[in-house]
Amino acid sequence: MSELKWVNRTACYEKWLPLDFLPPEAAFVFYHSNNMMLQRYSSSASSAAGFIGDYPSQDVIVVGDQETDDYLLLGAATCFRSLTYFTAHRDCRFTGVLMTQPEIKPEEEPEKIIMLRGNDWRKLLKEYAETAAREMGVKPFAADRNLTGYCTWYYYYDQVSEANLLENIDAIAARKNDRYSCDVIQIDDGYQPFQGDWLERDASWPEPLEKIVRRIENAGAVPGIWLMPFLASTASKAFREHRGLFVRNSAGEPLVFAGWSPAPDNHWACLDATIPECREYIAGFMKALRRKGFRYFKMDGLGFGLPHGVFADPEATAVSAFRQGMKTIREAVPDSILLGCCPPFMPCLGYVDMCRVSCDTSRYWYGYMPGDHLPQNCDAPGNGIRNTLHGVVSNWFLNDIWFRSDPDVLMTRSDNAWYTEGEARLSAAGGILTGVSLTSDHLGKITPERYELLVRAAKYRLRNAVPADWKSDRWPTVFTGTCDEKPAALFLNDTDETLTFRFAEWGLPAQMNEVLIGRGAIQSELSLPPHDAAFAVS
């Protein structure tokens with residue numbers, strides 16, 4: 001092995017904020033992830049009980065004292081050239097927070113930071129989200145009704161064929177006037193020969209995309225398609241023919257990194273949106289897909305769209321180049337719905353309508369970590385209904401403020417699945433909390449009982465949602481808000497014990513009507529078994 005040597009890095013913008021005002025007992029910290037990454041903590045609201053340690057967060061952090069209800073929020077209000085990272089440091093007590101903007105030089109104008117203090121950290125997070133949305137120019141978007149839809153991925157995964165999709169379109173068409181009708185039908189990963197060749201078709205997709213679009217429209221849905229607009233694999237026609245349009249490494253070659261596709265499609269490069277010809281290329285294939293009839297674009301792999309390489313514009317940063325690309329897409333298809341997946345949240349603001357806020361779901365309740373013994377047919381380690389729910393819960397304060405929050409598809413079916421009916425209700429609860437209720441369930445095979453969960457998730461929405469019982473080191477089990485302007489509560493039991501919820505503790509009416517399980521009128525309290533959810537409306 002060649003000798004390893006330390007190298008100096010260009011200084012970036014950093015500031016240190018002492019936390020002397022906090023009492024010695026203060027130990028509360030709310031962490032945040034700037035993307036849909038798996039939540040690896042016992043809760044994103046935790047007790048920093050260690051003697052010495054760092055507590056990192058992205059975009060926003062809250063520290064404070066739960067005994068005196070004294071909280072400080074620090075948050076990035078803008079993200080035009082750099083992401084912002086916060087690290088709370090503890091030496092027996094909180095001593096301070098380090099703020100870092102790695103792509104801003106010390107002498108440059110930093111991204112705007114806001115500082116809020118108050119006695120309810122949940123209200124501070126909502127105020128922060130609203131402030132950042134204004135600063136980033138987020139335009140009003142429609143979220144007055146729940147969004148429903150279908151994609152193939154979580155039933156067929158990478159084994160999908162055109163025949164699978166057409167079979168499901170027919171099943172959806174047969175129920176288009178039923179109580180769960182799809183607003184969107186999206187062609188998912190698998191139609192293209194290689195990542196980057198978005199206008200090409202794999203051999204397993206013989207029909208022209210235009211014909212499939214017509215089939216989708218005849219089923220009463222908006223045609224959607226999956227793509228990774230900034231990426232191409234080194235095996236693709238796009239990479240071979242447009243090699244000069246990619247972000248480069250220090251040797252002047254395209255910067256290549258490992259993707260999730262199997263070889264030879266596994267090495268990817270990112271388009272350099274600071275090149276005018278590159279922006280024309282991106283706009284070209286987006287407009288071509290729009291001409292084919294697609295009006296909903298699931299833009300995946302966006303987290304790979306900010307590589308730190310060499311850009312054609314020497315003044316560009318990874319964030320500013322990414323936003324140039326996003327602006328290009330938004331202007332190319334101004335009348336379409338844009339869903340960001342694997343997204344860096346703040347750099348997407350102002351350009352997307354929706355963003356995924358959770359890790360991928362799966363056909364299992366538990367996610368599995370590297371090294372675990374995996375059950376037969378288990379999906380990717382780390383995924384699972386439980387972990388998806390935690391991602392939705394962690395990002396609750398962004399709902400309908402930064403974008404429409406996508407909780408990933410709802411897993412309700414009993415075929416090709418390994419979870420209980422109660423766990424399916426917890427998946428459906430993500431749709432009630434966000435107002436986005438897409439699925440990959442086969443509507444021609446789903447049982448009536450599981451179909452009813454899709455119906456209820458599409459029918460109900462908890463608006464003005466607030467986590468009512470969030471304490472350190474555990475996930476919240478009660479969200480309160482309104483449904484059809486009436487007091488409502490969403491109860492989430494992801495624990496292994498039966499929980500009893502007394503309505504008076506949450507300021508709810510003595511009688512509530514439970515509609516997710518279907519219990520009907522309930523007086524005073526509700527008992528919920530392990531791994532189950534309920535939704536009650538007054």
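All values reported here derive from a predicted model rather than from experimental measurement. Note: hydrogens, waters and symmetry copies are ignored here, and every other heavy atom, side chains too, is used.
Applying the 6.0 Å contact sphere to CD of E107 captures more than 12 heavy atoms from other residues, nucleotides or ligands. No more than 12 heavy atoms of other residues, nucleotides or ligands lie within 6.0 Å of CD in E67, so this atom counts as exposed by the packing criterion. Counting heavy-atom neighbours within 6.0 Å of E485 CD, excluding the residue itself, gives a total of 12 or less.
Salt bridge absent: K298 and D406 never bring a charged side-chain N and a carboxylate O closer than 4.0 Å. Looking at D469 and R474, a side-chain N of the basic residue comes within less than 4.0 Å of a carboxylate O on the acidic one, giving a salt bridge. Of the charged side-chain nitrogens involved, at least one lies within less than 4.0 Å of a carboxylate oxygen, so that E525 and R502 count as a salt-bridged pair. In summary, D408 and R356 engage in a salt bridge, as defined by a charged side-chain N under 4.0 Å from a carboxylate O. Between K126 and E130 there is no salt bridge, since no side-chain N of the basic residue sits under 4.0 Å from a carboxylate O of the acidic one. We find that R81 and E111 are not joined by a salt bridge, their nearest charged nitrogen and carboxylate oxygen being 4.0 Å or further apart. Under a 4.0 Å N-O distance rule, the pair K486/D484 does not qualify as a salt bridge.
Of the candidates F535, W506, F491, F491 is the only one forming a ring-ring contact (aromatic ring centres under 6.0 Å, His included) with F501.
Every residue two or more places apart in sequence or in another chain that forms a side-chain hydrogen bond (donor to acceptor under 3.5 Å, both in side chains) with D532 is listed here: R425. Applying the side-chain contact (heavy atoms from CB on, under 4.5 Å) criterion to A465, with sequence neighbours excluded, gives L433, L462, F479. Residues satisfying the side-chain contact (heavy atoms from CB on, under 4.5 Å) criterion with D183, sequence neighbours excluded, are R145, L147, T148.
A distance-only check finds a donor-acceptor pair linking the side chain of T434 to the backbone of V436 [under 3.5 Å]. With hydrogens and angles ignored, the 3.5 Å screen pairs no side-chain donor or acceptor of N35 with any backbone N or O of P343.
Distance check: L255 CG to F246 CZ gives 11.5 Å after rounding to the nearest 0.5 Å. Within the model, atoms NZ of K15 and CD of Q101 stand 10.5 Å from one another, a figure rounded to the nearest 0.5 Å. We find the CH2-CG distance between W153 and D189 to be 4.5 Å, quoted to the nearest 0.5 Å.
Of all heavy-atom pairs spanning Y128 and L116, the tightest one is N-CD1, 3.9 Å. Summarising the geometry of C151 relative to S440, their closest heavy-atom pair is O-OG, 2.6 Å, with the distance given to 0.1 Å.
A parallel orientation is assigned to the rings of W475 and H390, their planes being inclined by less than 30° (bins at 30° and 60°).
Checked by atom type, the side-chain pair N464/T482 shows a donor-acceptor distance below 3.5 Å.
Taking the ring axis of F94 as reference, the NZ or CZ atom of R90 stays within 45° of it and closer than 6.0 Å to the ring centre.
The distance between the ring centers of W418 and Y364 falls below 6.0 angstrom.
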